[in-house]
There are 2 protein chains.
Amino acid sequence: MELRQLRSLVTLVESDCNVSRAAERLYMVQSAVSQHILRLEEELGVHLFMRQGKRITGLTDAGEKVLQHARRVLAETGNILDVGRDHVEDRSGILRIGTTHTQARYVLPPIVKRFNRDYPRVELQIHQASPRQLVGMALENQVDFAICTEDLADQPRLTTVPSYQWNRSVIAPPGHPLLLEDTIDLPALCRYPIITYVTGFTGRGHFDRILHKAGLEPHIVLTAASTDIIKTYVRERMGIGIIASMAYAPERDADLACRDLSHLFPWEVTRIAYPEGKYLRRYQEHFIALFKRDIAERVSREQQPGMRPV
Amino acid sequence: MELRQLRSLVTLVESDCNVSRAAERLYMVQSAVSQHILRLEEELGVHLFMRQGKRITGLTDAGEKVLQHARRVLAETGNILDVGRDHVEDRSGILRIGTTHTQARYVLPPIVKRFNRDYPRVELQIHQASPRQLVGMALENQVDFAICTEDLADQPRLTTVPSYQWNRSVIAPPGHPLLLEDTIDLPALCRYPIITYVTGFTGRGHFDRILHKAGLEPHIVLTAASTDIIKTYVRERMGIGIIASMAYAPERDADLACRDLSHLFPWEVTRIAYPEGKYLRRYQEHFIALFKRDIAERVSREQQPGMRPV
DNA sequence: CGTTCTTACGTGTGTCGTAACGATC
DNA sequence: GATCGTTACGACACACGTAAGAACG
């Protein structure tokens with residue numbers, strides 16, 4: 001068995017079982033990849049791929065199993081290379097972050113900026129996806145860190161680092177009747193059409209559960225994956241917006257009133273996740289430290305009510 | 001980077017950093033192993049080993065890190081080979097069991113016998129070690145299964161399967177004054193010299209904690225790692241023996257009286273552990289199933305009071 | 001002086017690329 | 001006929017073994 005062969009196997013699967021395309025990605029000719037697979041199958045004594053004539057159509061059961069282990073082999077060889085890179089030159093490299101729109105737009109910017117100042121020669125990549133996708137991307141080593149709130153707790157093959165906590169706020173156009181209330185409670189919220197996040201995003205799960213427990217049926221008039229969309233329709237007076245508190249920017253959103261709702265909903269924990277056992281390069285550890293430090297500073301500086309350190 | 005190189009690295013460390021001996025184990029000449037290490041160091045740009053002149057004296061920090069990942073790479077390639085073996089011939093292979101004396105001597109025999117009847121062409125290896133050592137052996141893939149009671153719970157990189165529960169019994173020569181008591185309690189036990197297991201073995205931890213909580217100071221006159229030794233000195237009338245209940249064999253130990261102590265101590269859980277993510281061959285899964293089934297049958301058949309299924 | 005590791009060099013295996021062939025849609 | 005995968009073959013690279021050299025106790 002050779003690492004090359006495993007590399008070909010994984011790339012082939014990621015190229016929809018198209019040998020030609022896999023070969024391109026690997027900067028090799030088709031025949032080489034083909035041979036890798038054939039030799040691997042020969043050595044193991046199992047067909048890893050199902051074929052119709054000569055067309056490869058998919059993985060066999062054995063292929064699925066081998067693929068999983070092959071992925072981990074490659075991940076670990078990647079870790080070994082990273083140990084080397086860190087000793088040769090620990091100030092440059094790539095940092096691939098997978099995260100949701102909310103984090104990328106409202107939380108990461110100051111952190112990323114500072115990180116870039118500390119490590120100007122590290123190339124930063126921000127990949128945007130849904131929490132569920134992010135879990136897969138972290139596991140398949142398509143990103144170094146997955147940063148989000150959902151789906152990360154108790155994930156068996158991921159190490160997760162809690163980075164900060166946040167809660168929700170309600171936004172509404174100035175003069176909206178909700179804003180006249182002294183203290184906002186759940187029934188008050190449910191008296192108006194609500195615009196909030198799509199299921200699976202940004203604390204939507206707990207939001208639904210709390211309202212359901214209270215026996216309330218909110219009138220959710222529109223949902224979106226990103227806060228910008230929500231704000232847009234709140235401005236259009238389609239309803240009140242329930243958003244993550246850190247997504248309210250006082251300057252830019254001066255035309256929207258905002259009220260904290262921390263007393264109504266549980267605090268959400270945003271986590272940084274990476275594959276269990278992954279070797280963290282110096283700058284990767286630095287990023288995690290920076291994340292926590294920045295949140296702590298921001299909270300104490302801006303007195304933001306809907307956000308707090310872990 | 002090549003798998004061969006990683007293999008050489010791991011073997012070299014397991015050969016006390018002696019290149020000649022590592023080469024022997026790998027059926028290669030010294031120079032080949034030497035080259036593997038040098039090329040790997042060259043590619044990574046780090047010294048993995050510390051040297052005094054040409055003598056290799058130990059791993060560097062980077063070497064330690066690389067070693068860990070290299071071990072996992074090899075474990076995963078082993079899993080891949082196992083997937084193949086299972087499809088080629090799933091009735092023969094090797095099963096390496098690491099366990100303590102108590103399990104090997106008093107619990108495993110009927111299970112092993114039955115397993116051998118089901119899979120006569122699987123070579124069984126039983127490696128005996130302390131619970132602490134067993135954890136290391138499982139992690140470093142020196143055994144397939146580690147079976148013991150201590151040190152396995154919440155081990156991060158091991159999957160553990162609870163297999164059965166057991167409690168303690170006291171053994172004493174016939175006519176011993178303790179046997180006249182109606183119900184035996186902790187103070188009663190502490191009135192006599194006690195012979196039991198060494199710290200770290202067979203439930204000794206909970207034993208100590210319970211007595212300490214009760215404010216009792218037992219007079220422990222002798223400790224041993226295996227029940228046979230304990231029995232021997234109980235026969236010599238050096239004291240009463242506190243042993244795992246399954247270690248009392250009514251026929252063979254007819255010259256010793258035995259009383260169950262389940263009412264005094266917490267139940268211990270014996271677990272089967274293997275590296276997280278390990279591919280289990282057919283016969284390995286069968287062994288685990290057999291283990292549980294056999295215990296259930298034994299308990300219901302023999303009405304053994306100090307043993308129960310999970 | 002034996003042990004231990006590295007370096008030098010030749011041989012053979014094996015991998016990759018070119019190219020032709022065979023299959024499938 | 002176009003796309004796709006396998007087979008055949010040659011060139012090159014490289015890993016291993018032999019053997020000599022260098023460093024330590």
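Chain identifiers are assigned alphabetically (A, B, ...) following the order of the sequence lines, protein sequences preceding nucleic acid strands; residue numbering begins at 1 within each chain.
- If you take CG of Leu3(B) and P of dG14(C), they are 16 Å apart, rounded to a whole angstrom.
- Sorted by residue number, the members of residues 4-13 of chain B with any non-hydrogen atom under 4.0 Å from DNA chain D read Arg4(B).
- Within the 3.5 Å criterion, the main-chain N or O of Leu48(B) finds a donor-acceptor partner in the side chain of Glu41(B).
- The backbone N or O of Glu14(B) sits less than 3.5 Å from a side-chain atom of Arg25(B), completing a donor-acceptor pair.
- Taking the six-membered ring for Trp and thresholds of 30 and 60 degrees, Phe115(A) and His286(A) have ring planes inclined between 30 and 60 degrees apart.
- Here Gln128(B) pairs with His101(B) under the side chain to side chain contact (heavy atoms under 4.5 Å, CB included) rule; sequence neighbours left out.
- Checked for salt-bridge contact, Glu123(A) and Arg96(A) miss the test: no charged N lies under 4.0 Å from a carboxylate O.
- The side chain of Arg51(A) places no N or O atom within less than 4.0 Å of a non-bridging phosphate oxygen (OP1 or OP2) of dG5(D).
- Every residue meeting the side chain to side chain donor-acceptor pair (under 3.5 Å) condition with Arg204(B), not counting sequence neighbours, appears here in chain and number order: Asp208(B).
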- [ ] Treat primed atoms plus P, OP1 and OP2 as sugar-phosphate and everything else as base, then score nucleotides 20-25 of chain D 5' to 3': B for base contact with protein heavy atoms under 4.0 Å, S for sugar-phosphate contact only, - for none.
- [x] -B-BB-

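- At least one side-chain heavy atom of Leu26(A) sits under 4.5 Å from a side-chain heavy atom of Ser8(A).
- Listed by chain and residue number, Arg282(A) satisfy the salt bridge (Lys or Arg N to Asp or Glu O under 4.0 Å) test with Asp90(A) (two or more places apart in sequence, or in another chain).
- Considering only residues two or more places apart in sequence or on other chains, Arg4(A) meets the side chain to side chain donor-acceptor pair (under 3.5 Å) condition with Glu2(A), Glu2(B).
- For the helix from dC1(C)-dG25(D) to dC25(C)-dG1(D), the end axes, each set by the C1' atoms of five terminal pairs, are bent relative to each other by 30° (nearest 10°).
- Not a single salt bridge (Lys or Arg N to Asp or Glu O under 4.0 Å) links Arg91(A) to another residue, sequence neighbours left out.
- Distance Arg39(A) CZ to dG5(D) P: 19 Å, rounded to the nearest Å.
- Considering only residues two or more places apart in sequence or on other chains, Tyr283(B) meets the side chain to side chain donor-acceptor pair (under 3.5 Å) condition with none of them.
- Considering only residues two or more places apart in sequence or on other chains, Arg72(A) meets the salt bridge (Lys or Arg N to Asp or Glu O under 4.0 Å) condition with Glu76(B).
- Residues satisfying the side chain to side chain donor-acceptor pair (under 3.5 Å) test with Thr100(B), not counting sequence neighbours, are none.
- If you check residues 17-35 of chain A against DNA chain D, the residues with a heavy atom closer than 4.0 Å are Cys17(A), Asn18(A), Val19(A), Ser20(A), Ser31(A), Ser34(A), listed by number.
- Atoms CD1 (Ile37(A)) and C1' (dC4(D)) sit 15 Å apart, rounded to a whole Å.
- Taking CG from Leu44(B) and CD from Gln5(B), the interatomic distance works out to 8.5 Å, rounded to the nearest 0.5 Å.
- Atom CG of Leu38(B) is separated from atom C1' of dA8(C) by 14 Å (rounded to the nearest Å).
- Atom CE in Met1(B) sits about 13 Å away from atom P in dA15(D), given to the nearest Å.
- If you measure from atom NE2 of His36(A) to atom P of dT6(D), you get 13 Å, rounded to the nearest angstrom.
- The CD1 atom of Ile56(A) sits 16 Å away from the P atom of dA23(C) (whole-angstrom rounding).
- The separation between Asp16(B) atom CG and dT4(C) atom P is 12 Å, rounded to whole Å.
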